[in-house]
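Per chain, numbering begins at 1; letters A, B, ... match sequence-line order.
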2 protein chains.
Amino acid sequence: MDDEAAETRPAGRRRRGAALVAAIHDAAIAEVLEVGLGRMTMEGIARRAGAAKTSLYRRWTSPHDLLLDALRDAFPQEVPSPASDDLRGDLIEALRQMVGWMGSPQARAVAAIMTERDRHPGLAEALFERVFEPRGGRFTRTVLRHYAACGAIDGALVTPVVADIGEALVIKYFTDTGVPPDDDTITAIVDQAVLPAVGAPLGR
Amino acid sequence: MDDEAAETRPAGRRRRGAALVAAIHDAAIAEVLEVGLGRMTMEGIARRAGAAKTSLYRRWTSPHDLLLDALRDAFPQEVPSPASDDLRGDLIEALRQMVGWMGSPQARAVAAIMTERDRHPGLAEALFERVFEPRGGRFTRTVLRHYAACGAIDGALVTPVVADIGEALVIKYFTDTGVPPDDDTITAIVDQAVLPAVGAPLGR
DNA sequence: CTTCTTAGATACGGAAGCGTTGCTTATATC
DNA sequence: GATATAAGCAACGCTTCCGTATCTAAGAAG
């Protein structure tokens, strides 16, 4: 994910332009994941990228500025929802996609910014303005809306709260245990929490 | 919350023993909330507490050590569950208590440690071992178990996933918006997500 | 091959935190 | 009031990062 860098590069070759920028972007994301938002440093990013500090200061003014740039380049991550006529299966698949997305370095960098938003308010704002729009049940909500439009479930039940149930439980599982939920857990979340809220029969 | 410190203390008075320790504990918690886990420093805590750096090093070996000590002193926060025969009301009350608890400096310090657990694994472990046991639906779970025991709801439906629904949605609301959910939102969470999962009638 | 652009290497003075030391002085105890 | 305990204070050499400046050398363009 990083390491097209320092040691690997045969001393006599120099990256320029886009290739160099990409390497620095990767280094910035790797850096925030390893040392955290509060300990990001131009020197650290340069070291990790195998680039000269000078090359960073030529383009960016601060680690945060650089990080935002890196994230904007890495997004958007659009999540298409394949809609068959299997509500339960589509919900499970949506949460599976979410879990996969959460594992990406970009997503974890965003999470790091979100959790420290009160310490760096400007950064969180800029993330929203410049990178992507927040506040989403972007995964299950898409699915639920589709089936509500079909008439398969009652559209009045697809409230903001209900559209967040699946995502909320995935996130809580992740922060509680430190690992993403496996398929069995995802299935349990859909069967025991999401489906009941949209009026599907209980008990599975 | 902090500031029994520096400027306020009339130059000729010295705190000792427990009073000093308490002031330093407060300063440590305030410090982690302001600068974050990664930027906590012995000098910073000492400055905030209006104490000498020496006095910290006499008792603790690192900012993390000190922080853990401060948290252990501030806990436990037991949450009793007043059980009448109003499931819905008790669920709402439980989540209200949770929101209140989340606002405390101690809880936010714990949250800071949890969100950076991969950066400081030892700290998160020590928090569990030395301070309190994790992994809870400690709020709504207590309520749901009570009513399951009474036979008011089906005990088989009170799974780990279901016991986490309320807390998960409160947490997600908080991290998404940056502010705790108000009473209307809490009510919506209970009505639209928790109650359906335990077989209560929909729609409300 | 020549030239222009741009990355790399190195050094800088300054700031801040580190963990420790030696010493002074306030507070508690007898 | 004398004495033991414990806190404050100031300075130490060391490290890391800051932002900048200077100089060399690799890559691209003509």
Side-chain angles (χ1 to χ4, degrees), chain A residues 2-28 30-32 34-67 69-70 119-120 123, chain B residues 2-28 30-32 34-70 119-120 122-123:
Chain A
D2 31 47
D3 270 343
E4 38 247 295
E7 312 82 345
T8 351
R9 185 162 41 90
R13 301 198 80 74
R14 275 186 197 176
R15 298 158 299 188
R16 295 171 72 117
L20 178 61
V21 169
I24 296 174
H25 278 169
D26 288 351
E31 185 80 358
V32 72
E34 185 167 322
V35 306
L37 211 43
R39 284 216 157 288
M40 270 216 305
T41 196
M42 289 298 235
E43 301 223 0
I45 298 169
R47 204 181 306 127
R48 185 186 295 267
K53 214 176 20 158
T54 325
S55 301
L56 305 207
Y57 278 109
R58 278 196 196 102
R59 291 175 228 259
W60 301 281
T61 68
S62 71
H64 288 181
D65 181 25
L66 169 44
L67 177 63
D69 213 43
R119 231 121 43 212
H120 313 275
L123 191 62
Chain B
D2 31 50
D3 272 345
E4 37 248 296
E7 313 83 343
T8 349
R9 185 163 40 91
R13 299 199 81 74
R14 275 187 197 172
R15 297 158 301 188
R16 293 170 73 119
L20 178 61
V21 169
I24 296 174
H25 279 168
D26 287 352
E31 185 80 359
V32 71
E34 185 168 319
V35 305
L37 210 44
R39 284 217 158 288
M40 269 215 305
T41 199
M42 288 299 235
E43 301 223 357
I45 298 169
R47 204 181 305 127
R48 185 185 294 267
K53 217 181 8 162
T54 325
S55 300
L56 305 207
Y57 279 109
R58 278 196 197 103
R59 290 175 227 260
W60 302 281
T61 68
S62 71
H64 289 181
D65 180 24
L66 169 43
L67 177 63
L68 276 177
D69 214 42
R119 230 121 45 212
H120 311 276
L123 192 61

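A donor-acceptor contact under 3.5 Å is formed by the side chain of B:Arg16 with the base of D:dT5. Judged by atom type and distance alone, B:Arg15 does not reach the base of D:dA7 through any side-chain donor-acceptor pair under 3.5 Å. You won't find any donor-acceptor pair under 3.5 Å spanning the side chain of B:Arg58 and the base of D:dA6, going by distance alone. Between the base of D:dG19 and the side chain of A:Lys53 there is a donor-acceptor pair shorter than 3.5 Å.
Regarding contacts with the backbone of D:dG8, a side-chain N or O of B:Ser55 is found under 4.0 angstrom from either OP1 or OP2. Checking the phosphate oxygens (OP1, OP2) of D:dC18, a side-chain nitrogen or oxygen of A:Thr41 falls inside 4.0 Å.
We find that CG of B:Asp65 is positioned 15 Å from C1' of C:dG19, with the value rounded to whole Å. Rounded to whole Å, the distance from CZ on B:Arg39 to C1' on C:dG17 is 10 Å. Distance, B:Glu43 CD to C:dT20 P: 13 Å, rounded to whole Å. Atoms CD1 (A:Ile45) and P (D:dT16) sit 18 Å apart, rounded to a whole Å. Put simply, CG on B:Leu20 is 14 Å from C1' on D:dT5, counting in whole angstrom units. Protein atom CH2 of A:Trp60 is 15 Å distant from nucleotide atom P of D:dG19, rounded to whole Å. Taking atom CG of A:Leu66 as the reference point, atom P of D:dC18 lies 12 Å away to the nearest angstrom. Rounded to whole angstrom, the span from the CG atom of A:Leu56 across to the C1' atom of C:dT6 amounts to 14 Å.
When each of C:dC18, D:dC18, C:dG8 is scored by its nearest atom to the side-chain atoms of B:Met42, the top-ranked nucleotide is C:dC18.
Once rounded to the nearest 0.5 Å, the distance linking CG of B:Leu123 with CG of B:Leu68 reads 5.0 Å.
Across all strands shown, A:Arg59 has heavy atoms under 4.0 Å from sugar-phosphate atoms exclusively, and none from any base.
For A:Leu37 against A:Leu67, the heavy-atom pair with the smallest separation is CD1-CD2, 3.7 Å.
A:Leu66 has its side chain within reach of A:His25: a pair of non-hydrogen atoms, C-beta onward, lies under 4.5 Å apart. Put simply, the side chain of A:Leu20 reaches to within 4.5 Å of the side chain of A:Arg59, judged on heavy atoms.
With salt bridges taken as basic N to acidic carboxylate O contacts below 4.0 Å, one links A:Arg48 and A:Glu34.
For the pair B:Pro63 and B:Thr54, both in contact range of DNA chain C, the more 5′-proximal nearest nucleotide belongs to B:Pro63.
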